[in-house]
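Notes follow once the structure below has been shown.
In this text, all values refer to a predicted model and were calculated from it rather than measured experimentally. Along the sequence shown, residues carry numbers from 1.
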Amino acid sequence: MTHREKVRALRKHKRILQHFCESSSIHGLRHVYEDGSLMFERVVWIFLFLSGVCFSTYFCVEVWQKWEQSPILTSVETQLYPLKNVPFPAVTICNVNKVSESKLYEAILGNPKFKNVNYTKLQSTLRFMTKLDRAFDEDNEDENQEKLLEMSQLYQARNISATDLFEILKKAAPACSDMMMDCKWLESTEPCMEYFSFLPTDDGMCCTFNGAKYLDSMLGIESSTNTSREPLKVNGNGYRMGLTLVIDAKLRDFSVINGKFDGFKVLVHSPEEFPDVADRGFVLGLGTETFVGVKVTTSFYTEEVAREVSPKKRQCLMEGEKNLKYFEYYSRSACHIECDTLLMQERCECRPYFFKEEIRSRGDEYCDCLPPCSVTWYEPEISYASFPGRGFNRTSTYKRIEKKHKISPGMNIREYLKSNVAMLHVYYKEKTGMRYRTDIRFGAADFISSIGGLLGLGLGMSFISVIEILYYVFLRRMFLWQRVKWTRFSKRMTRIFSRKPEEEKKSCSNPVSVDAVQNNNLWLSSATLNSTILTISSSTLDHPVPVPLTRRHSLNLPPHLQKQLSKY
């Protein structure tokens, strides 16, 4: 490009910019190129315009960051949420005594594979299985690894698999019916025991009341017989509107004890959650009556959040976004357990229901387990007293226990209850719960409105102003080029269809009659028809011809004249 062409292009750009400033709806720009304005005025208006740009840009970036980093907002919807809309919490009870001695002997005798297995070796194996990762003491890790290797070689030689060992553990663990001396739900003993499930936890085989469905076909575990049952609900508070249990530890029938105390570990949790009792459970001591008053809190996300915000931004999963293999409902704890199980199966091709510390502590690195968006929290408040009291033998609970277990009158039942039994009440403490609502903090409409308001305040811009900028930046030159091209084309067509004055004088001196034109099927030129029509007498037409006419049926000819001149 030559210097002359560069100067011409620069002038063209300058003219486009000047025209944009003069016609734009953005405030202040028209004063920059105003005719007759001083340089000082222009500098002031340029400074004011740039100040408006900085003001709008700064606050627009603030709104963008707030929308990007905090797209959702959680607020309290109500503090009086009805209890009937919330599932009653699941209650998982784990006996410190993990293996019943009498049941273990029965399981060994009923399985020929264990005929020649040493009883002490089997006890040690079951202890490793029930103590989970705590069996791997960091100080004696090498020694424990040697023991496990020795056990593995022993069982491989006798063709005993990990599934066989787990079957022994299931059969030898204290069953729910063995532990529950009395069970009462909503002041009724029936069908209280039907709501219990016997399943593996991180603290051994335990009993769960009102738990969700759990199915592991490889280990032969199904959480409950009535899999179609929905979680239980209540519509009131107080221990009479909850669960009451009398639990027997049976200290004389112990074989493998996991713990430094006698009694139970209890966890009150959501029915959908995996019962991680070892991590979150509380101790239920023998000879105590414990009251667990539960406060319930729920939270939910609106449909707009699920539709407009991705799981990565909202940091939770909506219902149906991720399904589990072993659990019917999704929860974070259940997701971690399932992921750890599959990871152990992939690494060592085995299916223990305990996990090494490395996997438990680094599970988030391997497992994509976001918390669910709709969550229910149960906050227990625990109080207890000594059990049994002096008046316990006059209660209906004692009479049911006496009848069910055939207690003889001379038996010292009070001492047995004090050393082997605990009583537990789980119920709602308040009549209502708290409910949180998570909604869109800035939706698309809110974000656009905020940006539009800031641009309008700082620059007076609108949607049309944005279109103007795009037009002048990308389309203005093209349309100017089209205008020039169309002007040249119009001039060329005008020269082609226009007649020279000499030709018009010649056609006027030798007029052609209308009859001749009609007979010879000739079409007159514009100038000839003008002169011919003007010679027609006004008596022939109903109206005089006010303007020169061109052709029959031409757009320049009035309709009433076209109709009257159709005979020509």
Side-chain angles (χ1 to χ4, degrees), residues 74-93 180 182-197 207-214 223-245 266-275 280 282 290-306 316-320 327-334 371-383 423-439:
T74 301
S75 58
V76 177
E77 184 184 52
T78 180
Q79 295 181 351
L80 303 174
Y81 192 65
L83 295 177
K84 63 181 181 180
N85 297 334
V86 185
F88 191 80
V91 182
T92 298
I93 303 166
M180 304 303 164
D182 189 67
C183 178
K184 189 163 59 174
W185 167 247
L186 300 180
E187 289 295 298
S188 176
T189 58
E190 299 294 338
C192 183
M193 289 302 300
E194 294 183 8
Y195 301 135
F196 274 94
S197 302
C207 299
T208 299
F209 176 84
N210 196 35
K213 180 181 178 180
Y214 176 84
S223 59
S224 61
T225 56
N226 188 6
T227 56
S228 61
R229 177 181 56 81
E230 294 294 327
L232 300 173
K233 297 180 181 180
V234 298
N235 193 20
N237 62 322
Y239 76 94
R240 292 182 177 85
M241 296 294 293
L243 175 67
T244 298
L245 300 174
V266 180
L267 177 65
V268 177
H269 58 97
S270 174
E272 293 84 6
E273 290 182 338
F274 177 81
R280 298 192 294 143
F282 61 89
T290 303
F291 293 81
V292 182
V294 179
K295 291 183 177 180
V296 61
T297 303
T298 65
S299 69
F300 76 101
Y301 282 57
T302 61
E303 294 182 0
E304 289 77 10
V305 175
C316 66
L317 294 175
M318 302 296 293
E319 184 178 356
F327 298 88
E328 183 178 10
Y329 301 102
Y330 177 86
S331 68
R332 192 174 191 179
S333 59
C373 293
S374 298
V375 186
T376 303
W377 298 282
Y378 299 95
E379 302 176 15
E381 293 186 3
I382 303 171
S383 59
M423 194 168 185
L424 176 66
H425 306 273
V426 181
Y427 55 93
Y428 283 128
K429 186 175 182 179
E430 307 291 344
K431 293 184 178 181
T432 57
M434 183 175 291
R435 184 171 174 84
Y436 289 95
R437 172 191 179 96
T438 302
D439 209 339

>> Assess the residue pair Thr376 and Thr298 against the criterion (side chain to side chain donor-acceptor pair (under 3.5 Å)); give the C-alpha distance rounded to whole Å, side-chain angles, the decisive distance to 0.1 Å, and a yes or no.
In response: CA-CA 4 Å; Thr376 303; Thr298 65; 5.7 Å; no
>> If you count heavy atoms of other groups shown closer than 6.0 angstrom to CD of Glu319, is the number above 12?
In response: no
> Heavy-atom count around Lys233 NZ within 6.0 Å, excluding the residue itself: above 12?
Replying inline: yes
> Is any side-chain heavy atom of Ser299 less than 4.5 Å from a side-chain heavy atom of Arg435?
Replying inline: no
> Which atoms form the tightest heavy-atom contact between Asn210 and Pro89, and what is the distance?
Replying inline: ND2-O, 3.9 Å
> To the nearest 0.5 Å, how far apart are CE in Met318 and CD in Glu303?
Replying inline: 8.0 Å
> Is a side-chain N or O of Thr208 found less than 3.5 angstrom from the main chain of Gly211, in a donor-acceptor match?
Replying inline: no
> How far does CG of Leu83 sit from CD of Glu430, to the nearest 0.5 angstrom?
Replying inline: 9.5 Å
> Regarding Ser270 and Glu272, is there a side-chain donor-to-acceptor distance under 3.5 Å anywhere?
Replying inline: yes
> Mind checking whether Cys192 and Lys184 have side chains closer than 4.5 Å, heavy atoms only?
Replying inline: no
>> Just to verify, what does Arg437 make a salt bridge (Lys or Arg N to Asp or Glu O under 4.0 Å) with, not counting sequence neighbours?
In response: Glu77, Asp439
> What heavy-atom pair brings Cys316 and Pro372 nearest, and what distance separates the two atoms?
Replying inline: CB-C, 4.0 Å
>> Can a donor-acceptor pair be found, under 3.5 Å and without considering hydrogens, that links the side chain of Asp182 to the backbone of Leu245?
In response: no
> Which atom pair, heavy atoms only, marks the closest approach of Pro87 to Pro271?
Replying inline: CB-CG, 4.2 Å
> Considering all heavy atoms of both residues, which atom of Phe196 and which atom of Cys183 are nearest to each other, and what is their separation?
Replying inline: CE1-SG, 3.8 Å
> Would Val91 and Val266 satisfy side chain to side chain contact (heavy atoms under 4.5 Å, CB included), going step by step from the backbone distance to the final call?
Replying inline: CA-CA 7 Å; Val91 182; Val266 180; 4.0 Å; yes
> At what distance, to the nearest 0.5 angstrom, does CG of Asn237 lie from OH of Tyr428?
Replying inline: 11.0 Å
> How would you list, by chain and number, every residue that makes a salt bridge (Lys or Arg N to Asp or Glu O under 4.0 Å) with Glu381, sequence neighbours excluded?
Replying inline: Lys295, Lys429
>> Nearest 0.5 angstrom please: Tyr427 OH to Leu186 CG, how far?
In response: 15.0 Å
> Taking only residues two or more places apart in sequence or in another chain, which ones pass salt bridge (Lys or Arg N to Asp or Glu O under 4.0 Å) with Glu273?
Replying inline: Arg280
> Is there side-chain contact between Thr432 and Tyr81, with heavy atoms separated by less than 4.5 Å?
Replying inline: no
> Parallel, tilted or perpendicular: which fits the ring planes of Phe291 and His425, with parallel below 30° and perpendicular above 60°?
Replying inline: parallel
>> Classify the ring geometry of Phe209 against Phe88: parallel below 30°, tilted from 30° to 60°, perpendicular beyond 60°.
In response: perpendicular
>> Are Leu267 and Phe282 packed together at the side-chain level, in the sense that at least one heavy-atom pair is separated by less than 4.5 angstrom?
In response: no
> Looking at side-chain heavy atoms only, is the closest gap between Met423 and Thr290 below 4.5 Å?
Replying inline: no
> Rounded to the nearest 0.5 Å, how far does CG of Leu424 lie from CD1 of Ile93?
Replying inline: 5.5 Å
>> Evaluate Val294 against Val426 for side chain to side chain contact (heavy atoms under 4.5 Å, CB included), listing each step before the verdict.
In response: CA-CA 7 Å; Val294 179; Val426 181; 4.2 Å; yes
>> Within this structure, what is the SG-CZ distance for the pair Cys373 and Phe300, rounded to the nearest 0.5 Å?
In response: 12.0 Å
> Which residue, Thr78, Asn85, Val86, forms the side-chain contact (heavy atoms from CB on, under 4.5 Å) with Pro82?
Replying inline: Asn85
> With a cut-off of 6.0 Å (strictly less than), are more than 12 heavy atoms of other residues, nucleotides or ligands near CD of Glu304?
Replying inline: yes
>> So Val234 and Trp185, do their side chains get closer than 4.5 Å, heavy atoms only?
In response: yes
